[in-house]
Every structure is written in structure tokens, then in C-alpha cells.
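Comments concern the structure below.
Given the structure is predicted, the values throughout are model-derived calculations rather than measurements.
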Amino acid sequence: MSTPLPPEAQQDAPLDGQVVVVPGGTGNVGEGIVRAFLRAGATVVVPGRNQERLDKLAELIGPEPGKRLVGIRAGYGTFAASTDLADRVVADHGRIDHVVPSIGGWWRGNALWQVDEDDWQQHFVDTTTAHLAVARAFVPRLDAAGSYTLIAGFAGRQAYPQAGIISMHAAAVLMMREALSADLRGRRRVNNLLLGPILNRSRPHGDPSWLTADQVGAAAVAVALAPSVRDESISLGTVAELDEQLARLHA
């Protein structure tokens with residue numbers, strides 16, 4: 001269920017010496033992103049407040065690539081926490097080359113007029129705030145040749161019944177990418193991957209056309225390695241679309 005990097009990428013470790021930060025890297029999709037960047041030779045920093053989840057990620061990654069996995073106990077859900085995290089990464093590693101926030105997840109509960117305040121706070125306010133907090137902390141600290149790649153779902157473009165909160169959150173993330181691009185005016189590369197359903201450790205079975213978490217990771221690495229790709233929303237609904245995009249990005 002994984003998509004390997006091209007042979008030349010595996011041999012050359014094209015991201016050797018670079019530092020990648022993956023907020024949300026302990027999650028189902030984040031795991032695949034972390035694994036792909038490690039296999040490309042990067043040092044990958046994964047922040048998390050839950051040590052058990054950080055330990056589980058290290059176990060899933062394994063000892064060899066895990067030598068470059070840096071799990072740190074830290075939050076990123078507020079402006080102050082994200083700023084402290086970014087300063088810590090720079091202090092510890094001297095640079096930040098790529099950031100791939102994989103923040104939030106799927107939720108399906110009630111129609112919008114039935115949503116309670118706890119669900120609204122958790123699935124829209126908290127996750128959307130975390131995305132902005134991470135962006136405002138890390139984008140100014142990115143290496144000049146670095147990249148910032150947001151992860152968002154198709155729900156940001158299409159509403160689904162009883163999942164309105166997620167659609168509103170994903171739409172906000174997509175617009176945040178556009179706003180970042182408008183503000184940066186080409187000074188940094190900012191893109192987003194727009195994803196359909198993903199096969200992962202919590203949902204290992206499904207439509208064979210769906211992407212796996214590792215395939216999402218392969219796409220994120222390809223974007224990081226493609227300096228001409230900027231201000232793009234890259235749609236990855238199926239494996240066929242992934243193959244088409246990887247061919248373009250690797251070219």
C-alpha cells in the first residue's frame with residue numbers, strides 16, 4: 001500500500017541535510033508524510049503533546065529511518081505555542097526547509113443546525129486556529145528555497161451531509177493558502193494537496209482507486225523537490241491522478 005520514491009530519489013537522498021516539520025505527523029495521514037520525507041533523506045521534526053502517540057509513530061516508522069525522526073513534546077494550537085515551536089526548531093537544527101501541516105481529520109455528525117458548541121470548537125475553531133498559528137510561525141522562518149504544503153480534503157470544495165463543519169474548515173484552509181500566496185508574492189513556495197478519501201492504518205480497506213497515506217507522502221515530497229511548483233492546488237483524488245501529478249512533478 002505504499003508508493004516508492006523514484007529509484008534516483010531513493011539512492012541520492014535528495015533531501016539529505018534538510019529539515020522538515022510535520023505538525024500532525026502522528027496522525028493517520030501524517031504518518032505517511034513523515035515516512036516519505038524520512039526515506040528522501042530529510043530530518044523530520046514531529047511535534048505532539050501526547051508522548052504515547054509520538055512513541056507509536058517511532059514504532060511504526062522503525063529504527064533505521066527513525067534515526068532522523070525527531071519527536072518533540074510541544075503544542076502548536078495557539079499563536080504562542082507555534083511561535084515557541086518554530087523558534088525551538090531553528091535553535092535545534094539551524095534551519096527549516098519544508099513544512100507540511102496535516103492538522104485535523106474527518107468528522108460526520110449532525111446537520112449544521114444541530115451542531116453543538118463542543119463539536120464546533122473542536123472541528124472548526126481549534127483546527128483552523130492551529131493551521132493559522134503554524135503558518136504565521138513557520139512561513140517567515142522558511143529557508144528561501146523552502147516550501148509550505150497544506151493538506152486539505154475535497155470537503156473544502158464540496159459539501160457532504162452531516163459534515164458541514166469539516167467542509168467549512170477545509171474551505172478556510174484552501175483560502176488560507178490562496179491568501180498566503182497573495183501576501184508572499186512568490187517569495188516562498190506555498191501549495192496545497194487536495195485529497196479524497198485516504199487508506200491508512202485506521203482505514204486499511206476501501207476503494208482500490210483511493211490513495212494511501214504513503215502515497216500522499218510521496219506527493220508531498222515531490223512538491224518539495226519541484227522548485228517551479230508554487231501557488232498551486234494539486235488535486236489527488238485517485239491513484240491515477242497521483243501518477244499523473246508525480247510524472248509532472250518529477251519532470
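- Take Asp118 and apply the side-chain contact (heavy atoms from CB on, under 4.5 Å) test, not counting sequence neighbours, and it matches Asp116.
- A salt bridge is defined here as a Lys NZ or Arg NE, NH1 or NH2 lying under 4.0 Å from an Asp or Glu carboxylate O, and Arg248 with Glu244 fails to meet this definition.
- Side chains of Thr43 and Val70 form a contact here, defined as non-hydrogen atoms less than 4.5 Å apart.
- Taken from CG in Asp214 to CD1 in Ile198, the straight-line distance is 11.0 Å, to the nearest 0.5 Å.
- Among residues two or more places apart in sequence or in another chain, the side-chain contact (heavy atoms from CB on, under 4.5 Å) test is passed with Pro140 by none.
- Here Arg95 pairs with Asp97 under the side chain to side chain donor-acceptor pair (under 3.5 Å) rule; sequence neighbours left out.
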Please report, to 0.1 Å, the donor-acceptor pairs under 3.5 Å made by any side chain of residues 99-115, with sequence neighbours excluded.
from   : atom 1 : to     : atom 2 : distance (Å)
Arg108 : NE     : Pro161 : O      : 2.8
Arg108 : NH2    : Pro161 : O      : 3.3
Gln114 : OE1    : Ala111 : N      : 3.3

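- In terms of heavy-atom proximity, Ala152 sits nearest to Leu174 at CB-CD2, 3.7 Å.
- Atoms CZ and OG1, on Phe124 and Thr129 in that order, are 8.0 Å from each other to the nearest 0.5 Å.
- A salt bridge (Lys or Arg N to Asp or Glu O under 4.0 Å) check over residues 164-189, counting only residues at least two apart or in different chains, returns nothing.
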Donor-acceptor pairs under 3.5 Å, side chain of residues 132-139 to any protein atom, not counting sequence neighbours: which ones?
none

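- Note that CG of Asn28 and CG of Leu199 are 11.0 Å apart. Values are rounded to the nearest 0.5 Å.
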For residues 85-92, which side-chain donor-acceptor pairs fall under 3.5 Å, sequence neighbours excluded?
from  : atom 1 : to     : atom 2 : distance (Å)
Asp87 : OD1    : Arg141 : NE     : 3.0
Asp87 : OD1    : Arg141 : NH2    : 3.0
Arg88 : NH1    : Arg73  : O      : 3.4

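- Identified under the side-chain hydrogen bond (donor to acceptor under 3.5 Å, both in side chains) test for residues 142-161, with sequence neighbours left out: His98-Ser147.
- When all heavy atoms are compared, the tightest approach of Gly77 to Ala81 is N-CB, 4.4 Å.
- Shown here are the side-chain contact (heavy atoms from CB on, under 4.5 Å) partners of Thr238, two or more places apart in sequence or in another chain: Ser209, Ala240, Glu241.
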Begin with the C-alpha distance, continue with both residues' side-chain angles, and end with the deciding distance and a verdict on side chain to side chain contact (heavy atoms under 4.5 Å, CB included) for Glu31 and Asn200. CA-CA 9 Å; Glu31 175 198 337; Asn200 54 65; over 6 Å; no
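- Nearest heavy atom pair, residue Ala172 against residue Thr128, reads CB-CG2, 4.1 Å.
- Sorted by first and then second residue, the pairs that involve residues 216-231 and meet side-chain hydrogen bond (donor to acceptor under 3.5 Å, both in side chains), not counting sequence neighbours, are Ser181-Asp231.
- The NE2 atom of His169 sits 10.5 Å away from the CG atom of Asp126 when rounded to the nearest 0.5 Å.
- Once rounded to the nearest 0.5 Å, the distance linking CG of Leu150 with CG of Leu194 reads 11.5 Å.
- The distance from the CG atom of Leu193 to the CG atom of Leu242 is 9.5 Å, given to the nearest 0.5 Å.
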Between Val173 and Asn192, is the side chain to side chain contact (heavy atoms under 4.5 Å, CB included) condition met? List the steps. CA-CA 9 Å; Val173 171; Asn192 71 266; over 6 Å; no
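- Taking all atoms of both residues into account, the shortest heavy-atom contact from Ala226 to Leu249 is CB-O, 4.0 Å.
- Leu60 forms part of no hydrophobic cluster, judged by ILVMFWY side-chain heavy-atom separations under 4.5 Å.
- Heavy atoms of other residues, nucleotides or ligands lying less than 6.0 angstrom from CD of Glu117 number 12 at most.
- Looking at every heavy atom in both residues, Ala36 comes nearest to Ala218 through CB-N, 3.8 Å.
- The salt bridge (Lys or Arg N to Asp or Glu O under 4.0 Å) pairs that include a residue from residues 51-63 are Lys56-Glu59, where partners are two or more places apart or lie in different chains.
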